[in-house]
2 protein chains.
Amino acid sequence: MASKRATISDVASLAGVSIATASKALNGRQDVRAATRERVLAAAAELSFQPNALARGLISGQTRTVGLLTSDSVGRFGIPVLLGAEDAFGAGEMAVLLCDARGDAIREQHHLRALLSRRVDGLIVVGESTNPRPSVSKDLPIPVVYAYGPSEDPDDVSFVPDDVGAATMAVNHLLALGRRRIAHVTGPGHYKAARDREEGLRQALAAAGLEQAGQTLSGVWSQRWGRHAAEILLMAEPEIDAVFCGSDQIAAGFVEAARERGRRVPDDIAVVGYDNWEVLSTETRPALTTVDMNLELLGRTAAQHLFAAIDGRATPGVHKMPCQLVIRDSTSPPGIS
Amino acid sequence: MASKRATISDVASLAGVSIATASKALNGRQDVRAATRERVLAAAAELSFQPNALARGLISGQTRTVGLLTSDSVGRFGIPVLLGAEDAFGAGEMAVLLCDARGDAIREQHHLRALLSRRVDGLIVVGESTNPRPSVSKDLPIPVVYAYGPSEDPDDVSFVPDDVGAATMAVNHLLALGRRRIAHVTGPGHYKAARDREEGLRQALAAAGLEQAGQTLSGVWSQRWGRHAAEILLMAEPEIDAVFCGSDQIAAGFVEAARERGRRVPDDIAVVGYDNWEVLSTETRPALTTVDMNLELLGRTAAQHLFAAIDGRATPGVHKMPCQLVIRDSTSPPGIS
DNA sequence: CTCCTGGACTTAAAGGTTTTCGGAAACGTA
DNA sequence: TACGTTTCCGAAAACCTTTAAGTCCAGGAG
């Protein structure tokens, strides 16, 4: 460990100038002769001087630090958002203070106080699902941006994936391939994501003047449920030629069970997943056509808007971020696979 | 946004006492009459006063903040370590400053300077693999602990999973089931993890006086390679009765290909994976017996040792953390599955 | 009555930096 | 020489909190 950290006054006395002059030289301000600046810089380098961010923040009132409050980091949605945000901040000079509330409101309050006490310049709240969550922004002296899971308060700034639009896009892709008997297997109905994706399907079918093949099958977000749903569906609606699944896990299970029952994918049944969780979507056979929610981009965008809000240019409301359809073999036109 | 943040002097004047008395009352110190303390606390509550951590840190020299420097957050190893660390810190009053260097040494230096300038009390460096990495601790005024990826410098404090021991444990499990012709499929040889796990296998076989079935097959950490390796292996060594795989991805691919070739798992061939990546290990059929590296525990332990080091009680060296064998259906004794 | 003790409170310094303002020197012009 | 201007530098305040040291007073002991 180095002895003691050098302060600006150490630098100043080594360079033979006052503290004020040293500060000006180090911060590239005018009113310093070139030769003097040179001496100060040399002294700072010799002492490997690092300005004390606490003292600086105390004066300026800006810590150049933002809080990242997540309800459930362990979920695979929070992580990319977090990375995108960290990316956007890290490019500049911002630092990220990470807090994980583990879905506990008490713990969230606790972390919120800690962040406030550390005088963060802003806050990003990352949800674990797209279900709206209680606002934390009330009476907060700093701007807050919600990512993935929006705030219940429409005056807050939220960024969410456009699940409805993405589902419509996915189903339109199936329609363009000539599929007409499209079924839907998805997760629990208490997830807004499940309801939104079903709504997107509904809109696409309505626009094409078609009926959905059978009822929507709601289960859980697992491969096991995908397999089970395949059995139910192939029994009840044997003539389906496409399935839109609410997640890649469900799609992977569906593909596996369908193949075991002698249905070829994509020839007999085209399958579309959701999430583009690469360990599943690229490793299943055939590789899955799926919706990528661009979560890193969403996180980055949220971070950029937080910057704007810190500068006083907030843009309230729920912003729907476009998703992207990644086309792979599970929806290849017949004869190509 | 609230108007302006209350300072302790606002609290003091509202309570009709001096700043010093207010400070003592708020910090639960002696030399304050109960009634006075009462008044101060009431005033603080009314103004929703939050002490300024910057000013406090400036005086005490302790920021109660640690840096978490990761080379590759996106990897699935960094995340649990990070969570465990965050957990250990969050229980107290510590905050975590997250930096992702994206495997770039320049960016790492940059982040290091930023953290130092923010006067963090300590640093955890999370590696993306168990390969030793260059030390950052040289001449740093704060303690550093390495997690998952150890430092090259043996005087640093590092926590890594005990891959050799875990592999031995996994193979002993296969031996206990009566398997004698055990093969090994793993990832690239430039990963220390691959070499260590092979070494563990070697030790277990040597202790049992057995030879490995065929050569170790080194490829990449993917499901695709697992399938490919299965084809090679079942051709070259058709009489194998068990496979120890270097990752769950490889194991999942192996199981799938083996089943397609008419080998039953676990009856004909028992399979053990590595990582306990649940989306794979619990969803494959049969569910995978696999090694769990207890990464959250590893992260938590690293964090606790960082606390100790901050208090001046460092414990240099590479600490091997025990792993755990999670037994599932892919190694059930014959007749039980 | 005086002195001492201890409790309750205040004053002031310290921590490291930025910034405003004033001062000093140098130079040019009348 | 007197004066204005420009250039460079330093003194000091400010940010907010903690804490060491000091003040004041009541009450008890001698």
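Chain letters run A, B, ... following the sequence lines, proteins first and then strands; every chain starts at 1. Quick note: numbers below take in every heavy atom, side chains included, and nothing from hydrogens, waters or symmetry partners. This one's a predicted model, so the numbers in the text were calculated from it and none came from an experiment.
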Novice: Mapping A:I59 and B:S18 to their closest nucleotides on DNA chain C, which lands nearer the 5' end?
Specialist: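 Mapping each residue to its closest nucleotide by heavy atoms, the 5'-most match is B:S18.
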
Novice: For a quick check of understanding: with a heavy-atom distance under 4.0 Å over all strands, which category does A:T7 fall into, base, sugar-phosphate or nothing?
Specialist: sugar-phosphate

Novice: Below 4.0 angstrom from OP1 or OP2 of D:dC8, is there any side-chain N or O of A:R33?
Specialist: no

Novice: With a 4.0 Å cut-off on heavy atoms, is A:S60 in touch with a base, just the backbone sugar-phosphate, or nothing at all?
Specialist: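 Nothing: the residue A:S60, judged by heavy atoms under 4.0 Å, touches no strand.
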
Novice: Between P on D:dC15 and CG on A:N52, what's the gap in Å once rounded to a whole number?
Specialist: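 About 18 Å, once rounded to whole Å.
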
Novice: What integer distance in Å separates B:L54:CG from D:dT18:P?
Specialist: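 Taking atom P of D:dT18 as the reference, CG of B:L54 is at 13 Å.
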
Novice: Does a side-chain N or O of A:R56 approach OP1 or OP2 of C:dT18 to a distance below 4.0 Å, or not?
Specialist: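 For C:dT18, OP1 or OP2 has a side-chain N or O of A:R56 closer than 4.0 Å.
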
Novice: Would you name the heavy atoms of B:L112 and B:L140 that are closest together and state the gap between them?
Specialist: CD1-CD2, 4.5 Å

Novice: Ion pair present between B:R102 and B:D104, side-chain N to carboxylate O less than 4.0 angstrom?
Specialist: no

Novice: When you get a sec, tell me which of D:dC9, C:dC9, C:dT18 is the closest nucleotide to the side chain of B:V32?
Specialist: C:dC9

Novice: Between B:D153 and B:K138, is the closest basic N to carboxylate O distance under 4.0 Å?
Specialist: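 Between B:D153 and B:K138 there is no salt bridge, as every charged N stays at least 4.0 Å from the carboxylate O atoms.
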
Novice: Would you say a side-chain N or O of B:T36 is under 4.0 Å from OP1 or OP2 of C:dC9?
Specialist: yes

Novice: Just the rounded figure in Å: distance from C1' of C:dT19 to CD of A:Q62.
Specialist: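 Between C1' of C:dT19 and CD of A:Q62: 16 Å.
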
Novice: Which whole-number value in Å describes the distance from A:L58 CG to D:dC16 C1'?
Specialist: 5 Å

Novice: For the pair made of CZ in B:R5 and P in D:dC15, what is the distance, rounded to whole Å?
Specialist: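 In whole Å, D:dC15 P lies 15 Å from B:R5 CZ.
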
Novice: In Å and rounded to the nearest 0.5 Å, what is the OG1 to CG distance from B:T130 to B:D162?
Specialist: 11.0 Å

Novice: Report yes or no: is there a donor-acceptor pair, N or O only, under 3.5 Å between the side chain of B:K24 and the base of C:dT10?
Specialist: yes

Novice: Would you mind reading off the distance between A:Q50 atom CD and C:dG15 atom C1', rounded to a whole angstrom?
Specialist: 18 Å

Novice: What does B:T21 touch in the nucleic acid at a heavy-atom separation under 4.0 angstrom: a base, only the sugar-phosphate, or nothing?
Specialist: base

Novice: What's the closest nucleotide to the B:V17 side chain, out of D:dC9, C:dG16, C:dT10?
Specialist: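 It is C:dT10.
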
Novice: To the nearest 0.5 Å, how far apart are CZ in B:R118 and CG in A:L97?
Specialist: 9.0 Å

Novice: To the nearest Å, give me how far apart CZ (A:R29) and P (C:dT17) are.
Specialist: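 To the nearest whole Å, that distance equals 16 Å.
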
Novice: Over how many whole Å does the gap from A:L26 atom CG to C:dT19 atom P extend?
Specialist: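 Result: 13 Å.
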
Novice: Between B:A55 and B:A20, just flag the one whose closest nucleotide in DNA chain D comes earlier from the 5' side.
Specialist: B:A55

